[in-house]
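Encoded as C-alpha coordinates, the structure appears first; notes follow it.
So you know, we letter chains A, B, ... as the sequences are listed, proteins then strands, and number each from 1. Note that these values count all heavy atoms, side chains included, but never hydrogens, waters or copies made by symmetry.
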Amino acid sequence: MSGTNSVRTVSEHRASERSGENERSGRVETCPECGGTVTTDDGRGERVCEQCGVVVESDAIDHGPEWRAFTPSEKDERSRVGSPTTKLLHDEGLSTSIGWADKDASGRTLSSSQREKMSRLRVWDERFRATDSRDRNLKQALGEIDRMASALGLPENVRETASVIYRRALDEDLLPGRSIEGMATASLYAAARQAGTPRSLDEFEPISRVRRQKYARAYRYLARQLELGIAPADPAEYLPRFVSELELSDDLERQARELLSAVKETGGHSGKNPTGLAAGAIYAAGLLTGDRITQQEVAETADVSEVTIRDRYSELLEALEGDQIDARSERGGN
DNA sequence: ATGGTTTTTACTGCGTC
DNA sequence: GACGCGGTAAAAACCAT
(Lines give C-alpha, C1' and ligand atoms only; values in the text may rest on other atoms or scores of the structure.)
Protein backbone atom coordinates (compact mmCIF):
# COMPACT_ATOMS: atom_id res chain seq x y z
CA MET A 1 0.00 0.00 0.00
CA SER A 2 2.62 2.42 1.01
CA GLY A 3 4.54 1.77 -2.16
CA THR A 4 1.76 2.49 -4.58
CA ASN A 5 0.74 5.44 -2.52
CA SER A 6 4.00 7.26 -2.46
CA VAL A 7 4.87 6.42 -6.03
CA ARG A 8 1.77 8.08 -7.34
CA THR A 9 2.79 11.08 -9.31
CA VAL A 10 1.59 14.58 -8.81
CA SER A 11 -0.35 14.57 -12.02
CA GLU A 12 -2.18 11.43 -11.06
CA HIS A 13 -3.07 13.02 -7.78
CA ARG A 14 -4.33 16.06 -9.54
CA ALA A 15 -6.34 14.05 -11.98
CA SER A 16 -8.15 12.19 -9.27
CA GLU A 17 -8.60 15.36 -7.29
CA ARG A 18 -10.19 17.02 -10.24
CA SER A 19 -12.58 14.27 -11.05
CA GLY A 20 -13.64 14.24 -7.46
CA GLU A 21 -12.90 10.62 -6.70
CA ASN A 22 -10.92 9.71 -3.68
CA GLU A 23 -10.90 5.97 -3.57
CA ARG A 24 -7.22 5.50 -3.64
CA SER A 25 -7.42 2.10 -2.12
CA GLY A 26 -9.51 0.87 -5.02
CA ARG A 27 -11.91 -1.09 -2.87
CA VAL A 28 -15.56 -0.55 -3.58
CA GLU A 29 -18.27 -1.47 -1.18
CA THR A 30 -21.92 -0.82 -0.67
CA CYS A 31 -23.17 0.67 2.54
CA PRO A 32 -25.00 -1.75 4.83
CA GLU A 33 -27.29 1.05 5.99
CA CYS A 34 -28.53 2.58 2.78
CA GLY A 35 -26.89 0.75 -0.08
CA GLY A 36 -24.88 3.79 -1.15
CA THR A 37 -21.29 3.71 -2.26
CA VAL A 38 -18.64 3.57 0.39
CA THR A 39 -15.52 5.56 -0.27
CA THR A 40 -12.26 5.77 1.53
CA ASP A 41 -11.24 8.88 3.32
CA ASP A 42 -7.52 8.47 3.39
CA GLY A 43 -6.83 11.45 5.56
CA ARG A 44 -8.76 9.96 8.41
CA GLY A 45 -8.43 6.31 7.62
CA GLU A 46 -12.14 5.80 7.62
CA ARG A 47 -14.43 4.23 5.12
CA VAL A 48 -17.48 6.36 4.86
CA CYS A 49 -20.77 6.02 3.01
CA GLU A 50 -21.26 8.82 0.54
CA GLN A 51 -25.00 8.92 1.06
CA CYS A 52 -25.69 8.53 4.72
CA GLY A 53 -22.28 9.26 6.16
CA VAL A 54 -22.02 6.05 8.11
CA VAL A 55 -18.48 5.14 9.02
CA VAL A 56 -18.24 1.59 7.84
CA GLU A 57 -14.80 0.85 9.09
CA SER A 58 -12.29 3.04 10.81
CA ASP A 59 -8.56 2.86 10.56
CA ALA A 60 -8.99 0.37 7.79
CA ILE A 61 -6.16 1.62 5.68
CA ASP A 62 -3.01 3.59 5.58
CA HIS A 63 -0.87 1.35 7.68
CA GLY A 64 2.17 2.02 5.61
CA PRO A 65 4.66 4.77 6.19
CA GLU A 66 3.45 8.06 4.83
CA TRP A 67 6.49 9.11 2.91
CA ARG A 68 9.47 7.86 1.18
CA ALA A 69 12.73 8.54 2.89
CA PHE A 70 15.56 9.52 0.63
CA THR A 71 18.39 9.84 3.04
CA PRO A 72 19.26 8.06 6.24
CA SER A 73 18.57 11.19 8.25
CA GLU A 74 15.17 11.48 6.72
CA LYS A 75 14.50 7.92 7.57
CA ASP A 76 15.31 8.72 11.15
CA GLU A 77 13.01 11.67 11.18
CA ARG A 78 10.19 9.76 9.71
CA SER A 79 10.44 6.72 11.80
CA ARG A 80 9.62 8.97 14.71
CA VAL A 81 6.34 9.85 13.16
CA GLY A 82 4.46 6.82 14.15
CA SER A 83 4.34 3.11 14.26
CA PRO A 84 2.87 2.25 10.95
CA THR A 85 3.77 -1.43 10.93
CA THR A 86 1.12 -2.27 13.42
CA LYS A 87 1.44 -6.01 13.00
CA LEU A 88 4.86 -5.83 14.52
CA LEU A 89 3.61 -4.30 17.72
CA HIS A 90 2.25 -6.40 20.49
CA ASP A 91 -0.96 -4.44 20.59
CA GLU A 92 -1.23 -3.53 16.93
CA GLY A 93 -1.26 0.10 17.89
CA LEU A 94 -4.14 -0.15 20.31
CA SER A 95 -3.52 1.56 23.58
CA THR A 96 -2.87 -0.46 26.65
CA SER A 97 -4.06 0.12 30.14
CA ILE A 98 -2.81 -1.17 33.39
CA GLY A 99 -5.26 -1.34 36.24
CA TRP A 100 -4.75 0.91 39.20
CA ALA A 101 -5.85 -1.50 41.86
CA ASP A 102 -2.82 -3.27 43.26
CA LYS A 103 -4.35 -6.67 42.87
CA ASP A 104 -3.25 -9.58 40.80
CA ALA A 105 -5.47 -11.50 38.42
CA SER A 106 -7.08 -13.48 41.16
CA GLY A 107 -7.68 -10.46 43.36
CA ARG A 108 -4.86 -10.90 45.85
CA THR A 109 -2.98 -7.80 46.88
CA LEU A 110 0.51 -7.54 45.51
CA SER A 111 3.72 -7.61 47.42
CA SER A 112 5.41 -4.27 47.89
CA SER A 113 8.09 -5.04 45.34
CA GLN A 114 5.39 -6.02 42.86
CA ARG A 115 3.49 -2.84 43.63
CA GLU A 116 6.53 -0.78 42.91
CA LYS A 117 7.08 -2.57 39.66
CA MET A 118 3.53 -2.00 38.58
CA SER A 119 3.68 1.66 39.39
CA ARG A 120 6.81 2.02 37.29
CA LEU A 121 5.05 0.24 34.48
CA ARG A 122 2.10 2.59 34.71
CA VAL A 123 4.37 5.55 34.36
CA TRP A 124 5.85 4.17 31.20
CA ASP A 125 2.48 3.14 29.92
CA GLU A 126 1.31 6.71 30.28
CA ARG A 127 4.35 8.01 28.54
CA PHE A 128 3.87 5.72 25.60
CA ARG A 129 0.27 6.60 25.35
CA ALA A 130 1.12 10.30 25.26
CA THR A 131 3.63 9.93 22.46
CA ASP A 132 1.18 7.67 20.73
CA SER A 133 -1.53 10.29 20.48
CA ARG A 134 1.08 12.77 19.39
CA ASP A 135 2.07 10.42 16.64
CA ARG A 136 -1.47 9.94 15.54
CA ASN A 137 -1.94 13.68 15.42
CA LEU A 138 1.24 14.13 13.44
CA LYS A 139 0.41 11.35 11.10
CA GLN A 140 -2.98 12.71 10.26
CA ALA A 141 -1.64 16.20 9.81
CA LEU A 142 1.12 15.03 7.55
CA GLY A 143 -1.35 13.03 5.52
CA GLU A 144 -3.35 16.20 5.05
CA ILE A 145 -0.28 18.17 4.11
CA ASP A 146 0.66 15.57 1.56
CA ARG A 147 -2.78 15.54 0.06
CA MET A 148 -3.04 19.30 -0.23
CA ALA A 149 0.48 19.67 -1.55
CA SER A 150 -0.33 17.22 -4.31
CA ALA A 151 -3.51 19.03 -5.19
CA LEU A 152 -1.65 22.32 -5.41
CA GLY A 153 1.30 20.85 -7.25
CA LEU A 154 3.78 21.75 -4.56
CA PRO A 155 7.08 19.90 -4.67
CA GLU A 156 8.54 17.52 -2.15
CA ASN A 157 10.73 20.04 -0.39
CA VAL A 158 7.76 22.22 0.44
CA ARG A 159 6.08 19.27 2.09
CA GLU A 160 9.22 18.68 4.07
CA THR A 161 9.23 22.24 5.28
CA ALA A 162 5.57 22.08 6.09
CA SER A 163 6.05 18.98 8.16
CA VAL A 164 8.93 20.57 10.01
CA ILE A 165 6.80 23.59 10.80
CA TYR A 166 3.96 21.41 11.96
CA ARG A 167 6.30 19.41 14.14
CA ARG A 168 7.56 22.57 15.75
CA ALA A 169 4.01 23.69 16.41
CA LEU A 170 3.34 20.37 18.04
CA ASP A 171 6.50 20.56 20.11
CA GLU A 172 5.63 23.98 21.39
CA ASP A 173 2.11 22.97 22.30
CA LEU A 174 0.47 25.37 19.93
CA LEU A 175 -2.22 22.96 18.94
CA PRO A 176 -4.62 22.65 21.83
CA GLY A 177 -7.81 24.40 20.91
CA ARG A 178 -7.00 24.44 17.23
CA SER A 179 -7.94 21.96 14.60
CA ILE A 180 -5.36 19.68 13.10
CA GLU A 181 -6.56 20.47 9.61
CA GLY A 182 -6.34 24.19 10.17
CA MET A 183 -2.81 23.92 11.45
CA ALA A 184 -1.80 21.54 8.69
CA THR A 185 -3.12 23.95 6.08
CA ALA A 186 -1.39 26.86 7.76
CA SER A 187 1.90 24.96 7.86
CA LEU A 188 1.74 24.17 4.18
CA TYR A 189 0.82 27.75 3.36
CA ALA A 190 3.79 28.98 5.35
CA ALA A 191 6.10 26.42 3.76
CA ALA A 192 5.02 27.36 0.25
CA ARG A 193 5.77 30.98 0.97
CA GLN A 194 9.11 30.23 2.54
CA ALA A 195 10.08 28.17 -0.46
CA GLY A 196 9.35 31.08 -2.78
CA THR A 197 6.53 29.21 -4.49
CA PRO A 198 3.62 30.83 -2.74
CA ARG A 199 0.01 29.88 -3.11
CA SER A 200 -2.55 32.45 -2.12
CA LEU A 201 -4.82 31.84 0.83
CA ASP A 202 -7.69 31.63 -1.60
CA GLU A 203 -6.13 28.72 -3.39
CA PHE A 204 -6.36 26.63 -0.27
CA GLU A 205 -10.05 27.21 0.12
CA PRO A 206 -11.27 24.40 -2.14
CA ILE A 207 -8.51 22.07 -0.97
CA SER A 208 -8.50 22.42 2.76
CA ARG A 209 -11.05 20.74 4.93
CA VAL A 210 -11.49 23.85 7.00
CA ARG A 211 -12.63 27.32 6.12
CA ARG A 212 -10.33 30.06 5.03
CA GLN A 213 -10.75 32.08 8.19
CA LYS A 214 -9.64 29.19 10.33
CA TYR A 215 -6.38 28.46 8.61
CA ALA A 216 -5.69 32.14 8.01
CA ARG A 217 -5.94 32.67 11.73
CA ALA A 218 -3.92 29.57 12.41
CA TYR A 219 -1.23 30.86 10.09
CA ARG A 220 -1.00 34.22 11.79
CA TYR A 221 -0.77 32.52 15.14
CA LEU A 222 1.85 30.14 13.83
CA ALA A 223 3.92 32.86 12.26
CA ARG A 224 3.92 34.85 15.45
CA GLN A 225 4.54 32.03 17.91
CA LEU A 226 7.19 30.31 15.87
CA GLU A 227 8.66 33.59 14.75
CA LEU A 228 8.78 32.33 11.23
CA GLY A 229 9.55 35.83 10.05
CA ILE A 230 8.07 35.35 6.63
CA ALA A 231 8.21 38.51 4.59
CA PRO A 232 5.14 39.62 2.68
CA ALA A 233 4.86 37.58 -0.46
CA ASP A 234 6.77 39.02 -3.38
CA PRO A 235 4.43 39.42 -6.33
CA ALA A 236 7.24 38.39 -8.66
CA GLU A 237 7.09 34.92 -7.15
CA TYR A 238 3.69 34.43 -8.68
CA LEU A 239 4.84 35.39 -12.14
CA PRO A 240 6.32 32.11 -13.38
CA ARG A 241 3.21 30.16 -12.54
CA PHE A 242 0.75 32.62 -14.03
CA VAL A 243 2.88 33.17 -17.10
CA SER A 244 3.12 29.48 -17.83
CA GLU A 245 -0.54 28.92 -17.17
CA LEU A 246 -1.33 31.60 -19.71
CA GLU A 247 1.32 30.24 -22.05
CA LEU A 248 3.10 33.55 -22.40
CA SER A 249 6.67 34.29 -23.39
CA ASP A 250 9.72 34.58 -21.19
CA ASP A 251 10.14 38.00 -22.65
CA LEU A 252 6.84 39.06 -21.23
CA GLU A 253 7.74 37.64 -17.86
CA ARG A 254 10.94 39.68 -17.85
CA GLN A 255 8.99 42.79 -18.73
CA ALA A 256 6.54 42.10 -15.92
CA ARG A 257 9.43 41.70 -13.48
CA GLU A 258 10.74 45.10 -14.48
CA LEU A 259 7.37 46.67 -13.89
CA LEU A 260 7.17 45.13 -10.47
CA SER A 261 10.61 46.26 -9.44
CA ALA A 262 9.78 49.76 -10.66
CA VAL A 263 6.71 49.96 -8.51
CA LYS A 264 8.61 48.55 -5.59
CA GLU A 265 10.98 51.47 -5.73
CA THR A 266 8.14 53.93 -5.51
CA GLY A 267 6.74 51.99 -2.60
CA GLY A 268 3.40 51.81 -4.33
CA HIS A 269 3.17 48.10 -3.80
CA SER A 270 2.73 47.95 -0.06
CA GLY A 271 -0.64 46.97 1.21
CA LYS A 272 -1.68 45.63 -2.15
CA ASN A 273 -2.65 42.09 -2.87
CA PRO A 274 0.49 40.47 -4.32
CA THR A 275 -1.47 38.31 -6.74
CA GLY A 276 -3.26 41.42 -7.94
CA LEU A 277 0.07 43.10 -8.56
CA ALA A 278 1.41 40.10 -10.43
CA ALA A 279 -1.73 40.00 -12.54
CA GLY A 280 -1.51 43.71 -13.29
CA ALA A 281 2.13 43.35 -14.21
CA ILE A 282 1.37 40.56 -16.62
CA TYR A 283 -1.36 42.51 -18.30
CA ALA A 284 0.76 45.65 -18.53
CA ALA A 285 3.65 43.62 -19.88
CA GLY A 286 1.30 42.24 -22.48
CA LEU A 287 0.57 45.76 -23.68
CA LEU A 288 4.27 46.59 -23.81
CA THR A 289 5.32 43.47 -25.66
CA GLY A 290 2.32 43.55 -27.94
CA ASP A 291 0.97 40.20 -26.78
CA ARG A 292 -2.76 40.08 -26.92
CA ILE A 293 -3.99 39.12 -23.50
CA THR A 294 -7.33 40.15 -22.14
CA GLN A 295 -7.85 41.37 -18.63
CA GLN A 296 -10.37 38.65 -18.21
CA GLU A 297 -7.88 35.87 -18.94
CA VAL A 298 -5.38 37.23 -16.49
CA ALA A 299 -8.06 37.85 -13.91
CA GLU A 300 -9.16 34.27 -14.15
CA THR A 301 -5.78 32.62 -13.77
CA ALA A 302 -4.63 34.96 -11.03
CA ASP A 303 -8.00 34.83 -9.31
CA VAL A 304 -8.43 38.56 -8.91
CA SER A 305 -11.05 40.86 -10.34
CA GLU A 306 -10.63 42.75 -13.59
CA VAL A 307 -11.08 45.97 -11.71
CA THR A 308 -8.04 45.18 -9.61
CA ILE A 309 -6.02 44.47 -12.72
CA ARG A 310 -7.02 47.81 -14.17
CA ASP A 311 -6.03 49.64 -11.01
CA ARG A 312 -2.73 47.81 -10.70
CA TYR A 313 -1.63 47.97 -14.27
CA SER A 314 -2.13 51.70 -14.60
CA GLU A 315 -0.16 52.20 -11.39
CA LEU A 316 2.56 49.95 -12.73
CA LEU A 317 2.84 51.83 -15.97
CA GLU A 318 3.01 55.10 -14.09
CA ALA A 319 5.76 53.77 -11.88
CA LEU A 320 7.69 52.63 -14.92
CA GLU A 321 7.39 56.03 -16.53
CA GLY A 322 8.55 57.69 -13.36
CA ASP A 323 11.48 55.35 -13.36
CA GLN A 324 12.40 56.28 -16.90
CA ILE A 325 12.15 59.98 -16.12
CA ASP A 326 14.41 59.43 -13.14
CA ALA A 327 16.88 57.66 -15.32
CA ARG A 328 16.80 60.46 -17.84
CA SER A 329 17.30 63.22 -15.27
CA GLU A 330 20.18 61.29 -13.80
CA ARG A 331 21.85 61.39 -17.16
CA GLY A 332 21.57 65.15 -16.89
CA GLY A 333 18.95 67.82 -17.06
CA ASN A 334 15.19 67.59 -16.88
C1' DA B 1 -16.76 46.71 17.89
C1' DT B 2 -14.72 50.21 14.79
C1' DG B 3 -12.76 52.62 11.17
C1' DG B 4 -9.75 52.80 7.30
C1' DT B 5 -8.16 50.53 3.30
C1' DT B 6 -8.45 47.33 -0.44
C1' DT B 7 -11.04 44.29 -3.37
C1' DT B 8 -15.17 42.73 -5.52
C1' DT B 9 -19.61 43.10 -7.65
C1' DA B 10 -22.58 45.08 -10.81
C1' DC B 11 -23.54 48.32 -14.08
C1' DT B 12 -22.41 51.91 -17.35
C1' DG B 13 -20.87 53.90 -21.93
C1' DC B 14 -17.34 54.01 -25.52
C1' DG B 15 -14.68 52.39 -29.47
C1' DT B 16 -13.41 48.58 -32.56
C1' DC B 17 -13.63 44.52 -35.32
C1' DG C 1 -23.88 43.18 -32.21
C1' DA C 2 -20.17 41.08 -29.55
C1' DC C 3 -16.10 42.13 -27.33
C1' DG C 4 -12.55 44.42 -24.73
C1' DC C 5 -11.87 48.18 -21.92
C1' DG C 6 -12.40 52.04 -18.52
C1' DG C 7 -14.91 54.25 -14.94
C1' DT C 8 -17.97 54.38 -10.87
C1' DA C 9 -20.79 53.40 -6.70
C1' DA C 10 -21.90 50.37 -3.26
C1' DA C 11 -20.95 46.15 -0.80
C1' DA C 12 -17.81 42.98 1.11
C1' DA C 13 -13.50 41.57 2.98
C1' DC C 14 -9.56 42.49 5.47
C1' DC C 15 -6.66 44.35 9.15
C1' DA C 16 -5.12 46.93 13.07
C1' DT C 17 -6.70 48.96 17.02
Side-chain angles (χ1 to χ4, degrees), chain A residues 148 152 165 169 174 177-179 181-183 185-194 198-239 241-243 245-249 251-253 255-256 259-322:
Chain A
M148 291 187 287
L152 291 171
I165 292 173
L174 301 181
R178 262 156 265 267
S179 75
E181 282 93 349
M183 271 296 175
T185 312
S187 302
L188 186 60
Y189 173 72
R193 284 183 57 172
Q194 270 189 338
R199 297 291 182 271
S200 69
L201 281 168
D202 293 317
E203 290 180 84
F204 284 91
E205 179 86 82
I207 302 296
S208 177
R209 293 192 202 274
V210 297
R211 286 184 202 284
R212 192 199 143 105
Q213 275 196 329
K214 279 193 119 181
Y215 59 73
R217 241 182 61 202
Y219 167 71
R220 254 176 299 164
Y221 182 68
L222 214 57
R224 182 166 309 169
Q225 297 300 316
L226 260 39
E227 289 170 357
L228 295 176
I230 298 176
D234 183 350
E237 288 172 345
Y238 287 101
L239 286 179
R241 191 155 53 96
F242 293 161
V243 165
E245 255 176 71
L246 289 161
E247 294 174 335
L248 298 167
S249 64
D251 207 41
L252 187 144
E253 189 180 329
Q255 183 68 251
L259 285 159
L260 287 176
S261 66
V263 81
K264 249 183 259 175
E265 276 177 38
T266 70
H269 65 297
S270 64
K272 304 285 163 61
N273 179 358
T275 56
L277 274 162
I282 288 173
Y283 180 74
L287 292 181
L288 295 176
T289 60
D291 288 88
R292 293 167 45 100
I293 345 162
T294 66
Q295 295 177 351
Q296 195 213 327
E297 288 173 314
V298 185
E300 223 164 276
T301 57
D303 202 22
V304 296
S305 76
E306 294 167 52
V307 180
T308 304
I309 292 188
R310 288 200 272 278
D311 291 345
R312 286 308 87 79
Y313 103 81
S314 52
E315 289 166 12
L316 284 159
L317 289 180
E318 256 173 54
L320 188 69
E321 259 171 50

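A donor-acceptor pair under 3.5 Å is formed between the side chain of Thr301(A) and the backbone N or O of Val298(A). Panel note: side chain Asp291(A), backbone Ile293(A); no donor-acceptor pair is recorded below 3.5 Å. No side-chain donor-acceptor contact under 3.5 Å links Tyr215(A) to the backbone of Arg209(A). The main-chain N or O of Ser200(A) is found under 3.5 Å from a side-chain atom of Glu203(A) such that the two form a donor-acceptor pair. Between the side chain of Tyr238(A) and the backbone N or O of Ala279(A), no donor-acceptor pair lies under 3.5 Å.
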For Leu174(A) and Leu226(A), what are the C-alpha separation, side-chain angles and deciding distance, and is it a side chain to side chain contact (heavy atoms under 4.5 Å, CB included)?
CA-CA 9 Å; Leu174(A) 301 181; Leu226(A) 260 39; 3.2 Å; yes
When you look at Tyr189(A) and Leu222(A), which way does the side chain to side chain contact (heavy atoms under 4.5 Å, CB included) test go after all the steps?
CA-CA 11 Å; Tyr189(A) 173 72; Leu222(A) 214 57; over 6 Å; no
Write down the protein N/O and nucleotide N/O pairs, taken from nucleotides 12-15 of chain C, whose separation is under 3.5 Å; answer none if there are no such pairs.
unit_1, atom_1, unit_2, atom_2, d
dC14(C), OP1, Arg212(A), NE, 3.0
dC14(C), OP1, Arg212(A), NH2, 3.2

Check nucleotides 3-6 of chain B for protein N or O atoms closer than 3.5 Å to its own N or O atoms and list the pairs.
none

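In summary, of the residues considered (Glu181(A), Met183(A), Arg178(A)), a side-chain contact (heavy atoms from CB on, under 4.5 Å) with Val210(A) occurs for Glu181(A) alone.
Between Arg199(A) and Ala192(A), the closest heavy-atom pair is N-CB, 4.2 Å. Nearest heavy atoms, Pro198(A) versus Arg241(A): O-NH2, 3.3 Å.
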Reading 5' to 3' through nucleotides 3-11 of chain C, protein heavy-atom contacts under 4.0 Å coded B for base, S for sugar-phosphate only, - for none
-SSBBB---
